[in-house]
Amino acid sequence: MEKKKQPKETDAIRKKLDSYAALQRKIDNQIERLANLTATMGSVSSPNFSGLPSGSGDGTSKTERQILRKMALEEKIRDMEQEERQLRRELEALIDAMQNPDEQTVIEMRYIDRAKWWPICAALYSMEDDYEENSSKYLKRTFKLHGSALQSIARIYKAETPAEA
């Protein structure tokens, strides 16, 4: 019989942090999609030499359909950005409640700023005299700090989130 994995105290906040990062990525992708759509709008289509009528058959032109798609995509991006701002405010309130400034920094940089591990490590420890020769030791320290930061923010999140019925 397979043992069921016990949930960790950090699972709920980790899910919230990861969903924020995923939302940021989705917004970036949709903005790229909009840029591509905008760049190709109004492009000259290949001529129709068949003598048959072209078009969608729904009474709209290609340009009208492109404009409608662009407007719908812009609205979708605005909605996603509004959701992102709300979620960021919630996360920033939790981060502000953390006591340890280094823990705050690792959470902010990793989840809000979407930084990779080495820049986070450098932000925290590059002023240390032995940073260059012991950077891998400091990276391990960054990972450990990240773990304690997740536990800290998880406790705050749990205290502020009503228990599920």
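Quick caveat, the model's predicted, so the values are computed rather than measured.
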*Working to the nearest 0.5 Å, report the span between CG of Asn36 and CD1 of Ile31.*
14.0 Å

*Could you tell me the separation between the OG atom of Ser135 and the NZ atom of Lys140, rounded to the nearest 0.5 Å?*
11.0 Å

_Using only atom types and a distance under 3.5 Å, with no angle test, would you say the side chain of Asn134 pairs donor to acceptor with the backbone of Lys137?_
no

*What distance separates Gln66 CD from Leu68 CG, expressed to the nearest 0.5 Å?*
10.5 Å

*Flag side-chain contact, heavy atom, 4.5 Å: Ser152 against Asn100*: no

_Leu87 versus Ser19, closest heavy-atom pair with distance_ = CD2-OG, 4.0 Å

Return all side-chain donor-acceptor pairs below 3.5 angstrom for residues 111-128, not counting sequence neighbours, or 'none' if the list is empty.
from: Tyr111; atom 1: OH; to: Arg14; atom 2: NE; distance (Å): 3.3
from: Tyr111; atom 1: OH; to: His146; atom 2: NE2; distance (Å): 2.8
from: Arg114; atom 1: NH1; to: Asp28; atom 2: OD2; distance (Å): 2.8
from: Arg114; atom 1: NH2; to: Asp28; atom 2: OD2; distance (Å): 2.8
from: Ser126; atom 1: OG; to: Ala122; atom 2: O; distance (Å): 2.7

*Once you round to the nearest 0.5 Å, how far does CD of Glu108 lie from OG1 of Thr105?*
5.5 Å

Donor-acceptor contacts under 3.5 Å from residues 72-82 side chains, at least two apart:
from: Glu74; atom 1: OE2; to: Lys70; atom 2: NZ; distance (Å): 3.2

*Cluster question for you: counting only ILVMFWY and a side-chain heavy-atom cut-off of under 4.5 Å, with indirect links fine, are Leu94 and Leu23 together?*
no

*More than 12 foreign heavy atoms under 6.0 Å from CD of Gln99: is that the case here?*
no

*All side-chain hydrogen bond (donor to acceptor under 3.5 Å, both in side chains) counterparts of Arg89, not counting sequence neighbours*: Gln86

*Out of curiosity, Arg25 CZ to Asn29 CG, how far, rounded to the nearest 0.5 Å?*
4.5 Å

_side-chain hydrogen bond (donor to acceptor under 3.5 Å, both in side chains) partners for Arg88, two or more places apart_ = Glu84

*asked:* Would Arg155 and Gln151 count as a side-chain contact (heavy atoms from CB on, under 4.5 Å) here? Give the steps.
replied: CA-CA 6 Å; Arg155 284 189 294 274; Gln151 290 174 338; 3.8 Å; yes

*Taking all non-hydrogen atoms of both residues into account, name the closest pair between Ile107 and Met98 and its distance.*
CG1-CE, 4.1 Å

*Qualifying residues under salt bridge (charged side-chain N to carboxylate O under 4.0 Å, His left out), relative to Glu90, sequence neighbours excluded*: Lys16

_Contacts of type side chain to side chain contact (heavy atoms under 4.5 Å, CB included), residue Lys158, not counting sequence neighbours_ = none

_For the CG atom of Leu17 and the CG atom of Leu91, what is their distance to the nearest 0.5 Å?_
5.5 Å

